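For reference, the structure discussed in these notes is given below.
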Amino acid sequence: MSENSHREIFTIGIGGAAGEGAKYTGTNIGTLLRDSGLQVYLSLDYPSLIRGGHNFIRISCSKEKVWNDYAKLDVLVCLNEETKEIHKNELKEGAWVLSGLNNEEILNKIKEFLSTKGLVDFTSGSIAPKGELVDGNTAFAKGLQTAGLDFYISYPMTPATSILHYLAEKQTRDGLKVVQPENEISVINMALGVSYVGKRVAIGTATGGFALMQEAFSFSGIAELPLAIAVVQRQAPATGVPTRSSQSDLRFVIHAGHGEFPRIVIAPGDSEESFKAGAEALNLAWKFKIPVIVLLDKILSEHMMTSNFDKNISVEKNKDIIFPGTPGRVVKVTSYEHDEGGLTIDTASDVKMAMDKRFAKGEEIKKEMLKRETVKVYGDTSSENAIVFFGSTKSPILEASKHFEKSVKLVQIVWLEPFDIEKVKRELEGKKIICVEANYNGQLASLIRERTGIEVAHKILRYDSLPFDPEELANQINSILK
Amino acid sequence: MSELNLSTKAKITWCPGCPNSQILVAVKQAVTELVETGFFKIEDLTAFAGIGCHGKISDYININSFTSLHGRLVPAMIGAKCANPALTVIGFSGDGDSYSEGLEHLVYAAKVNADITLFVHNNRLFALTTGQANAVSPKGFKSKSTPFGSIEEPLNPLLLMLASGATFVARTFAGDIAGTKKIMQDAIKHKGFAFVDIVQPCITFFDTRDHFNSRAYWIDENLPKNDLKLAMEKVSENIEEKVPLGIFYQVEKPTFEGELHK
Ligand SMILES: Cc1ncc(C[n+]2csc(CCOP(=O)(O)OP(=O)(O)O)c2C)c(N)n1
Ligand code: SF4
C-alpha cells in the first residue's frame with residue numbers, strides 16, 4: 001500500500017441520532033471543503049433499524065480527485081455521546097474528536113484542521129472551487145432538465161425520492177410539471193399519456209416500484225412511446241433494506257417487460273455520468289422512440305462528489321413524430337400489435353413485419369453506440385490485468401487503484417443494454433479479469449460471458465448492503481494479482 | 001369544411017347485434033355534432049380505450065386514439081390532458097376494465113377532478129375472456145369462473161364515484177341511442193371528471209336486454225343536480241328492480257390540470 005498518496009487524503013466523520021442534523025452539519029462541512037478548493041466525496045449512512053437511528057456522514061477530501069470515502073477518520077464530529085462510542089475504533093492516531101460544539105464552532109474547527117494539515121491556506125485570497133458538490137440523483141435530475149424535461153412523474157420510494165423532491169422544487173408556471181399519482185402503475189401509464197401527446201417525460205422509482213410497472217414498460221416498447229426511467233437499486237428482495245444499496249437488479253432491468261423489444265439501459269458510475277445519463281436518456285428515448293432506463297443505486301443516488309457537468313449537452317428533438325392535435329392527421333397508438341396506422345393486426349406475416357420494424361431500430365441504435373461512451377477505460381490500458389465493473393462501484397475501484405501494487409486496466413461497462421460486445425471484447429480478451437459487483441450471483445460476470453464468451457476468472461462480490469471500502473478492496477485485489 | 005369520415009377499414013368483430021355497436025353509433029353522432037357546432041376540431045379529440053370487447057371501439061372510429069392496457073386507460077388520459085389541456089380527452093372502458101382491474105385509477109381521477117370523460121360499457125361481466133363474473137356481477141351469478149354462483153355482492157360504481165368526488169355522474173342504456181348520445185355530449189362538455197356508466201347487455205354471455213328494457217327509466221330532468229345526498233339516494237336504487245338513467249349529479253370544481261398549470 002502506498003502510504004504516501006493515502007496520507008494526502010483526509011476523512012471527517014459526523015455522527016448523531018436521527019433528527020440531530022448530522023446530514024445538515026455534514027453537507028455544511030462538505031460545502032466548506034468544496035469552497036476551499038478541495039476535491040470532496042461525501043457518503044451517507046442512515047441504518048433505519050438500529051436503536052436510536054444513528055446517522056453517519058463521512059467525507060474524504062484532498063487536493064487531488066477523491067473517488068470514494070475512507071473508513072479511517074482524521075476528525076470525528078460527535079453530535080451525541082453515542083457517536084464517540086460507535087466510531088472509536090475508526091479513529092486514526094492523533095485524530096481530532098469534536099463534541100459539544102455548535103454548527104459555527106464545528107466549521108471553525110474544521111478550518112483550523114485544514115490549515116494545520118496544510119491542505120488549505122485561508123490567508124491567500126480567493127480560492128476557486130473544483131466543481132459542484134452534488135449527489136447522483138440531483139445530477140440525474142439536472143441532466144433531464146438540460147435535455148428539455150417537461151414532466152416528471154413519480155411515487156415516492158427510497159432511494160429514488162430525492163429526484164422527485166428536487167424536480168418538484170424546480171416547477172414553473174409555464175415549464176416543468178411534477179405529478180405524484182396514486183401508485184407506480186399509474187405513474188408509468190400517465191407518463192405514456194404525456195408522451196403520446198408530445199411532451200418529454202421521465203419517471204423514477206426504486207426497483208420495487210419498477211417491478212409494478214412491467215406491463216406498461218412493455219406497452220411503451222410496442223407502442224414506441226418515448227420514455228426515460230430512473231431505476232434506483234436498493235438492497236432487495238422485496239422491501240429489503242430500504243436505506244442500503246445493492247447492484248442486484250442488472251438482470252431484471254435488461255430483461256424487463258414481457259415480450260421482446262429494443263430498449264437502452266445506461267448505468268452511470270458517478271454524479272457527472274448521472275447528469276449525462278439523464279440527458280442521454282431523454283434524447284435517446286425520443287430519437288429512437290423507445291424506453292430508456294438509467295440504472296442507479298443508493299450509493300450513487302445519495303453520495304455527493306465534486307463534479308463538473310458536460311457543457312455540450314443539448315435538447316435533441318425528433319421531428320418525425322406526430323401528435324394528436326395535428327390537423328388532417330389521426331394518431332393511433334395501441335398496446336395490441338398494429339399496422340402503421342395503429343389498427344390491430346394478427347395475421348402472421350403482419351405480426352412478423354411489425355416485429356421486424358421495431359427491431360430494425362436495433363441496427364440504428366448500434367450505429368449510435370459508436371458515438372457514445374458505452375464502455376470506459378481507466379488505469380494502465382496495456383496491462384494484462386483487468387478489473388471490470390458497472391455503476392457506483394466505479395468509485396471505490398478508482399480510489400482503490402491508487403493503492404494497487406500491479407498495473408491494472410479498469411473497464412467500466414456503461415451501457416448494459418445493448419451490450420457493446422465488440423468494445424468489451426477488445427478490452428477484456430486475453431486478460432486476467434476480476435469482476436467487482438454488489439450482488440450475490442455475479443450478474444455482470446455472467447452477462448460478460450453470455451455476450452462475449454469471455455470467462456471472468458475472479459469475482460469480488462458484496463451483498464451485505466454496504467459500500468465497498470477502497471482500502472479493503474485494494475488489499476483483496478492485490479492478493480489476487482500477487 | 002370537408003365531410004367527417006369517422007369509419008376505419010377495420011373489420012368489426014363484435015358479435016352480431018352486440019350493443020357495443022349502438023354505443024359506437026351514439027359516439028359517432030355525438031362527435032359529428034360537436035364538430036359541426038364548433039365545440040372542438042376533430043384533431044383535438046383523443047379517445048382512449050381499455051382492453052375488452054368495449055376497447056375494440058378505438059379501431060372502429062377514425063379519430064386519435066390510445067388503446068391502453070387492461071384497466072389502465074384512466075392514468076394515461078390524465079397524463080394526456082395535463083400535457084396538452086387543449087385536447088378533449090374521452091375514454092371507453094369496461095366494467096372489468098375499470099371496476100375490477102383498474103379501480104384505483106377511477107377513484108383517483110374522481111378525487112382529483114381531472115377534466116376527462118369516461119364511458120364505461122357495463123355488461124356486468126368479463127366478456128372478451130368468454131364470460132366470468134366480475135366486481136359488478138349480481139350475487140349468485142353463474143359463470144365459468146363461478147359455476148355455483150358468485151358469492152360476492154356487486155359493487156355500486158355510481159355511488160363510489162359520488163363518494164370519490166366525481167363532478168359529473170350519469171347512467172345511460174346502450175339501447176337508447178339518442179339518450180346515450182345526449183348524455184355523451186353533456187359529459188364531454190362538462191369541465192371536470194365526467195363519469196358515465198353505460199348499461200350494455202352482452203347478448204352472448206349475459207343477455208340482460210329484457211331485464212333492463214323493462215326496468216330502466218329516465219329520471220326527472222328537473223331534479224336539482226347539485227344535491228349530493230339526493231344523487232346518492234337515486235343511484236342507490238336496487239338495479240335488480242329499477243334502473244334510473246340520467247345525470248344524477250353535476251357540479252363545478254377546480255380541475256386537476258387547471259390547478260397544475262395555475
Ligand atoms: C393485465 C390483464 N389481465 C387480464 C387480461 C385479460 N382480459 C382481457 S379483457 C378482460 C376482461 C374485460 O372485461 P370488461 O372490461 O368488462 O370488458 P368486456 O369484454 O366485457 O367489454 C380480461 C380479464 C388482460 N388483457 N390484461
Ligand atoms: S361477447 Fe358480448 S360484449 Fe363481447 S362482442 Fe359479443 S355480445 Fe358484445
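Quick note on labels: first sequence line is chain A, next is B, and so on, each numbered from 1. Small disclaimer: the values here were computed from a predicted structure and weren't measured.
Aromatic ring centres of A:Tyr166 and A:Phe140 lie farther apart than the 6.0 Å criterion allows. Aromatic ring centres of A:Phe210 and A:Phe217 lie closer together than 6.0 Å.
For a residue to count as touching a neighbouring chain, one of its non-hydrogen atoms must lie under 4.5 Å from one of that chain's; by this rule A:Ala191 does not touch chain B. For B:Phe256, the part lying under 4.5 angstrom from a heavy atom of chain A is the side chain only. With a threshold of 4.5 angstrom between heavy atoms, B:Lys262 approaches chain A through N, CA, C or O but not through any side-chain atom. With a threshold of 4.5 angstrom between heavy atoms, B:Thr46 approaches chain A through side-chain atoms but not through N, CA, C or O. A:Ile345 does not touch chain B: none of its heavy atoms, backbone or side chain, sits under 4.5 Å away. The contact between B:Leu87 and chain A is made entirely by side chain atoms (from C-beta outward), counting heavy-atom distances below 4.5 Å. In this structure, chain B has no heavy atom under 4.5 Å from any part of A:Phe323.
The aromatic rings of B:Phe66 and A:Phe219 lie perpendicular to each other, with more than 60° between the two planes, well past the 30° mark.
Classification of A:Glu340 and A:Lys332 as a salt-bridged pair fails, no side-chain N sitting under 4.0 Å from a carboxylate O. A salt bridge links B:Lys81 to B:Asp115: at least one charged side-chain nitrogen sits closer than 4.0 Å to a carboxylate oxygen. A salt bridge does not link A:Glu364 with A:Lys287: none of the charged nitrogens is closer than 4.0 Å to a carboxylate oxygen. Between B:Glu101 and B:Arg72 there is a salt bridge, with a side-chain nitrogen of the basic residue lying less than 4.0 Å from a carboxylate oxygen of the acidic one.
In terms of heavy-atom proximity, B:Ala10 sits nearest to B:Asp59 at CB-O, 3.5 Å.
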Tell me, with the steps shown, if B:His190 and B:Gln250 meet side-chain hydrogen bond (donor to acceptor under 3.5 Å, both in side chains). CA-CA 8 Å; B:His190 174 74; B:Gln250 182 169 18; 3.0 Å; yes

Could you walk me through whether B:Asn156 and B:Tyr99 pass side-chain hydrogen bond (donor to acceptor under 3.5 Å, both in side chains), step by step? CA-CA 9 Å; B:Asn156 182 336; B:Tyr99 303 157; over 6 Å; no

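Annotation for A:Lys317: atom NZ does not count as buried by contact number, only 12 or fewer foreign heavy atoms lying within 6.0 Å.
Highest contact tally toward chain A, considering only B:Cys82, B:Ala47, B:Gly71, is held by B:Cys82 [criterion: heavy-atom pairs under 4.5 Å]. When each of B:Asn84, B:Ile78, B:Asn62 is checked for heavy-atom pairs under 4.5 Å with chain A, B:Asn62 comes out on top. The greatest number of non-hydrogen atom pairs below 4.5 Å with chain A, out of B:Gly55, B:Gly79, B:Ser58, B:Ser65, is found for B:Ser65.
For residues 177-189 of chain A, the interface with chain B (any heavy-atom pair closer than 4.5 Å) comprises A:Lys177, A:Val178, A:Val179, A:Gln180, A:Pro181, A:Glu182, A:Asn183, A:Ile185, A:Ser186, A:Asn189, sorted by residue number.
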